[in-house]
Asker: 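This is the structure I want to talk about, given as structure tokens.
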2 protein chains.
Amino acid sequence: MSTQEELRTIALAEFAAAGYGATSLQRIAELAGVSKSSVLYHFASKEHLLEAAIGPAIDRMQDVLAPLEGAGLLEGDRTAFLEAFVDFLLQYRLEVNMFINQGPSLVDVPVIERANALVRRLAGFFSANSDSLEEKMRFGIALGGAAYMLCTVQTFGLPEEPGTLDETRAVLITILSDLLAPVSATTALG
Amino acid sequence: MSTQEELRTIALAEFAAAGYGATSLQRIAELAGVSKSSVLYHFASKEHLLEAAIGPAIDRMQDVLAPLEGAGLLEGDRTAFLEAFVDFLLQYRLEVNMFINQGPSLVDVPVIERANALVRRLAGFFSANSDSLEEKMRFGIALGGAAYMLCTVQTFGLPEEPGTLDETRAVLITILSDLLAPVSATTALG
DNA sequence: TCAGACCCTGTCCGATCGGTCAGTTTGCCA
DNA sequence: TGGCAAACTGACCGATCGGACAGGGTCTGA
């Protein structure tokens, strides 16, 4: 693994565990066995390093959540969406962890703000006052709860997987489908 | 409101919104219209200010989650527990928001670590490998999802309440009861 | 009137932060 | 072997942080 890739990996782990602000370039350099100057050679600034660390995950997140926008989530697509969503959570656990924990406080970082804007729209979806409060809250609890639970498990250094990855995936999809069952098809992000 | 109470209120809001590390004593002082020295007069240190800001909420959190420990959550008590849990979330939204977002990264702060230890035990509950992975994940999604959803709604400055407070409370309890319905009574934290 | 508690302030300090810059090492290719 | 570009480094900078400290108002009770 090149120094650049190693720095990216270390930075992601540290940002997710200790926080972006609480992680100094000095510490990242030490963990990688290089100097702080070397970090700034590969990444022009701390913010660039953050962008490199979580940018790809946020791109993917936007793709996964895209179907929720506009016309809404059709009944037939729901299973496909949940599968894509759960796969995304499991594949990018560190990045999701970091975004969940620190997204709200890193509002001035473009790459974070891009994801924040998306979450803000989704949050508006289940927070706006309307007739079907329950449906919206079911949606929020399903998506937010799944993400938060996986991150909490990871953050606190508990056993890497609650069951095998495949079992986790299947159970998670089952629960989310169950939770969203009472939600009518075309309500999403109307 | 006394200066001390005002500082506590401002600190809580800022810590929750921008993060503990990202909030300087200088900024808190400015928002309160006093000097930084005055802040340090009322609270011996930044950490003491944090303790004053969220300590009471964490005490309450321990009380609310206490029934989950030991013998487990009996069937008859579940509704009472969910009511207490939801009431806690709604009453201490700012504090819960801050704890969810920054608890994992503030491991060296005693008042935070006290709550982290509790969450760590709860997380272990639904992450440990066992026969009833689904039940444990249902539990984690219910508790974590409800907390995270409310925090997200608040963090992003959306309408203060998704519906009236009473309606939110009732709907939330309904959804969580529904989600936990398949969970047998005595599995919790065995 | 005055002593003391309380509240508040400006000034200063060491530490640490992200970032700049000039210079050195390393590896590859002609 | 010589040269050049990429990789890397130590020294240094301004800014900001949490905190220490001495002192100045203000009020109250003796």
Side-chain angles (χ1 to χ4, degrees), chain A residues 1-55 98-99 101-113, chain B residues 1-55 98-99 101-113:
Chain A
M1 188 158 52
S2 72
T3 299
Q4 190 161 354
E5 290 170 344
E6 193 177 349
L7 286 173
R8 200 201 79 96
T9 302
I10 291 174
L12 173 59
E14 283 297 301
F15 288 162
Y20 177 69
T23 301
S24 67
L25 295 179
Q26 178 65 36
R27 167 153 180 82
I28 293 173
E30 285 172 0
L31 290 173
V34 298
S35 70
K36 188 184 72 172
S37 300
S38 188
V39 177
L40 287 166
Y41 167 78
H42 287 287
F43 303 93
S45 68
K46 190 182 182 183
E47 197 169 304
H48 280 81
L49 178 55
L50 174 64
E51 167 97 33
I54 67 167
M98 190 196 163
F99 174 73
N101 286 344
Q102 302 164 68
S105 60
L106 296 179
V107 289
D108 51 349
V109 182
V111 66
I112 298 274
E113 185 51 28
Chain B
M1 187 159 51
S2 71
T3 299
Q4 189 161 356
E5 290 169 347
E6 194 177 349
L7 286 172
R8 201 202 79 97
T9 303
I10 290 174
L12 173 59
E14 283 297 300
F15 288 162
Y20 177 69
T23 301
S24 66
L25 295 179
Q26 178 65 38
R27 168 151 180 83
I28 293 173
E30 284 172 2
L31 290 173
V34 298
S35 69
K36 188 182 72 172
S37 300
S38 188
V39 178
L40 286 166
Y41 167 78
H42 287 288
F43 304 93
S45 68
K46 191 181 182 184
E47 198 170 303
H48 279 82
L49 178 54
L50 173 65
E51 167 98 30
I54 66 167
M98 189 195 163
F99 174 72
N101 286 345
Q102 302 164 66
S105 61
L106 296 178
V107 289
D108 51 348
V109 182
V111 67
I112 298 276
E113 185 52 26

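Because the structure is a prediction, the values reported are computed rather than measured. Every chain is numbered from 1 and lettered A, B, ... according to where its sequence line falls, protein lines coming before strand lines.
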Asker: State, to 0.1 Å, how close B/Ser105 and A/Ala18 come at their nearest heavy-atom pair, and which atoms those are.
Answerer: CB-O, 3.1 Å

Asker: Confirm from the modelled atom types if B/Lys36 and D/dG18 form a donor-acceptor pair under 3.5 Å, side chain to base only.
Answerer: yes

Asker: Would a distance-only check, ignoring hydrogens and angles, find a side-chain to backbone donor-acceptor pair under 3.5 Å from B/Gln102 to B/Gly21?
Answerer: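 No, the answer is negative, given that no donor and acceptor are paired below the 3.5 Å cut-off.
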
Asker: A/Glu47 has an atom CD; how far is it from atom P of C/dG18, in whole Å?
Answerer: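 Taking atom P of C/dG18 as the reference, CD of A/Glu47 is at 12 Å.
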
Asker: With the side chain of B/Thr3 defined as its heavy atoms from C-beta on, choose the nearest nucleotide among D/dG19, C/dC8, C/dG19.
Answerer: C/dC8

Asker: Do B/Ser37 side-chain and C/dG10 base share a donor-acceptor contact under 3.5 Å?
Answerer: yes

Asker: Closest heavy-atom contact between A/Leu40 and A/Ser45?
Answerer: CD2-CA, 4.0 Å

Asker: Whole angstroms only, please: what is the OH-C1' distance between B/Tyr20 and D/dC17?
Answerer: 12 Å

Asker: Considering only C/dG19, D/dG19, C/dG18, which nucleotide approaches the side chain of B/Leu40 most closely?
Answerer: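 My answer, after comparing the listed nucleotides, is D/dG19.
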
Asker: Please determine whether a side-chain nitrogen or oxygen atom of B/Ser38 lies at a distance below 4.0 Å from atom OP1 or OP2 of C/dT9.
Answerer: yes

Asker: Between P on C/dA15 and NZ on B/Lys46, what's the gap in Å once rounded to a whole number?
Answerer: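 Distance, rounded to whole Å: 19 Å.
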
Asker: Grab the CZ-P distance between B/Phe43 and D/dG18 for me, whole Å please.
Answerer: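 Atom-to-atom, B/Phe43 to D/dG18, this comes out as 15 Å.
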
Asker: Could you tell me the separation between the CD atom of A/Glu30 and the P atom of D/dT9, rounded to a whole number of Å?
Answerer: 12 Å

Asker: Report the distance from atom CZ of A/Arg27 to atom P of C/dA15, rounded to the nearest whole Å.
Answerer: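 It is 21 Å, rounded to the nearest whole Å.
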
Asker: Counting only side-chain nitrogens and oxygens, does A/Ser24 get under 4.0 Å of the OP1 or OP2 atom of C/dC17?
Answerer: yes

Asker: Are any of A/His42's side-chain N or O atoms less than 4.0 Å away from OP1 or OP2 of D/dC8?
Answerer: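 A/His42 to D/dC8 OP1/OP2: side-chain N or O found under 4.0 Å.
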
Asker: Base, sugar-phosphate alone, or nothing: which one does A/Ser2 contact when heavy atoms must sit under 4.0 Å apart?
Answerer: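 A/Ser2: no heavy atom of the nucleic acid under 4.0 Å.
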
Asker: Would you indicate, yes or no, if C/dC8 has its OP1 or OP2 atom less than 4.0 angstrom from a side-chain nitrogen or oxygen of B/Tyr41?
Answerer: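 Checking C/dC8 against B/Tyr41, no side-chain N or O comes under 4.0 Å of OP1 or OP2.
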
Asker: Write down the distance between CD (A/Glu6) and C1' (D/dA7), rounded to a whole number of angstrom.
Answerer: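 The answer, rounded to whole Å, is 14 Å.
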
Asker: Within this structure, what is the CZ-CG distance for the pair A/Phe43 and A/Leu7, rounded to the nearest 0.5 Å?
Answerer: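 Separation between the atoms: 5.5 Å.
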
Asker: Under a 3.5 Å distance rule, please check whether B/Lys46 uses its side chain to pair with a backbone N or O of B/Thr23 as donor and acceptor.
Answerer: yes

Asker: What is the separation between atom CG on A/Leu25 and atom P on D/dT9, rounded to the nearest whole Å?
Answerer: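 Checked: the CG to P distance equals 14 Å.
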
